[in-house]
Amino acid sequence: MKSVKNLQQCTYQYRIVLDTVSDVNTFNRLASTCPGEVFLVGEDMKINARSLLGAHMARVAWDVLYVEADFDCYNVFERFII
């Protein structure tokens with residue numbers, strides 16, 4: 001009989017603020033260089049952080065915004081974390 005391990009995927013989530021268009025562009029550029037999955041999360045929705053249009057929409061439409069990744073992304077997005 002084959003043994004199967006139940007591996008739980010770890011995710012890291014930090015609250016962020018994207019105040020300006022420049023912030024969104026910088027955030028998107030950083031997200032594009034990250035290994036693994038990076039998402040913007042807010043108001044029961046999740047979008048790919050590598051999507052420039054999605055990041056701009058999230059900045060305008062959502063009051064509370066989080067970055068979520070499958071690796072510890074604190075050092076990458078430190079300037080946006082509150």
Side-chain angles (χ1 to χ4, degrees):
M1 187 154 125
K2 201 174 199 182
S3 171
V4 178
K5 292 182 181 179
N6 184 8
L7 299 175
Q8 294 179 355
Q9 185 176 4
C10 255
T11 58
Y12 297 86
Q13 191 176 71
Y14 300 101
R15 185 167 178 196
I16 62 169
V17 172
L18 300 174
D19 286 327
T20 65
V21 171
S22 178
D23 286 347
V24 173
N25 292 336
T26 303
F27 178 87
N28 181 260
R29 189 174 63 251
L30 291 171
S32 296
T33 63
C34 290
E37 299 290 330
V38 182
F39 296 100
L40 287 169
V41 180
E43 299 192 16
D44 299 328
M45 297 172 121
K46 184 187 284 192
I47 59 171
N48 190 337
R50 292 180 176 103
S51 166
L52 185 58
L53 183 59
H56 280 285
M57 186 276 307
R59 181 183 78 86
V60 173
W62 296 342
D63 294 329
V64 179
L65 192 59
Y66 295 90
V67 61
E68 180 180 285
D70 56 0
F71 64 96
D72 191 4
C73 60
Y74 184 86
N75 291 330
V76 176
F77 301 112
E78 184 175 9
R79 72 180 82 173
F80 305 109
I81 295 173
I82 58 171

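For the numbers below, each heavy atom of this structure counts, side chains included, while hydrogens, waters and symmetry mates do not. Keep in mind the model is a prediction, meaning the values are calculated, not measured.
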| Partner residues of Phe39 under the ring pair (Phe, Tyr, Trp, His ring centres under 6.0 Å) criterion, sequence neighbours left out | none
| said: Going by ring pair (Phe, Tyr, Trp, His ring centres under 6.0 Å), name the residues that satisfy it together with Tyr74, two or more places apart in sequence or in a different chain. | reply: Tyr14
For residues 53-62, dump all side-chain donor-acceptor pairs below 3.5 Å to protein atoms at least two apart in sequence or in another chain.
from  : atom 1 : to    : atom 2 : distance (Å)
His56 : NE2    : Asn25 : OD1    : 3.4
Arg59 : NH1    : Asp19 : O      : 3.0

| query | With Phe77, which of Phe71, Tyr66, Phe27 fulfils ring-ring contact (aromatic ring centres under 6.0 Å, His included)? | reply | Phe27
| remark: Heavy atoms of Thr33 and Leu30 approach each other most closely as OG1-O, 2.7 Å
| Which pair of non-hydrogen atoms, one from Arg50 and one from Glu37, has the smallest distance, and what is that distance? | NH1-CA, 4.3 Å
Once rounded to the nearest 0.5 Å, what's the spacing between atom [atom1] of [X] and atom [atom2] of [Y]?
{"X": "Thr26", "Y": "Leu18", "atom1": "OG1", "atom2": "CG", "answer": "9.5 Å"}
{"X": "Gln13", "Y": "Cys73", "atom1": "CD", "atom2": "SG", "answer": "9.5 Å"}
{"X": "Leu52", "Y": "Asn28", "atom1": "CG", "atom2": "CG", "answer": "4.5 Å"}
{"X": "Leu65", "Y": "Ile82", "atom1": "CG", "atom2": "CD1", "answer": "9.5 Å"}

| said: Between Leu40 and Lys46, does the side chain to side chain contact (heavy atoms under 4.5 Å, CB included) criterion hold? Intermediate values first, please. | reply: CA-CA 6 Å; Leu40 287 169; Lys46 184 187 284 192; over 6 Å; no
| request: Please examine the side chains of Asp63 and Glu43, heavy atoms only from C-beta on, and report whether any two atoms are closer than 4.5 Å. | output: yes
| message | Quick one, Val38 and Val67 - any side-chain contact, counting heavy atoms below 4.5 Å? | response | yes
| request: Give a yes or no on whether the backbone of Phe80 and the side-chain of Asp23 come within a donor-acceptor separation of less than 3.5 Å. | output: no
| field | ILVMFWY cluster, Val76 and Val41 together (side-chain gap under 4.5 Å) | value | no
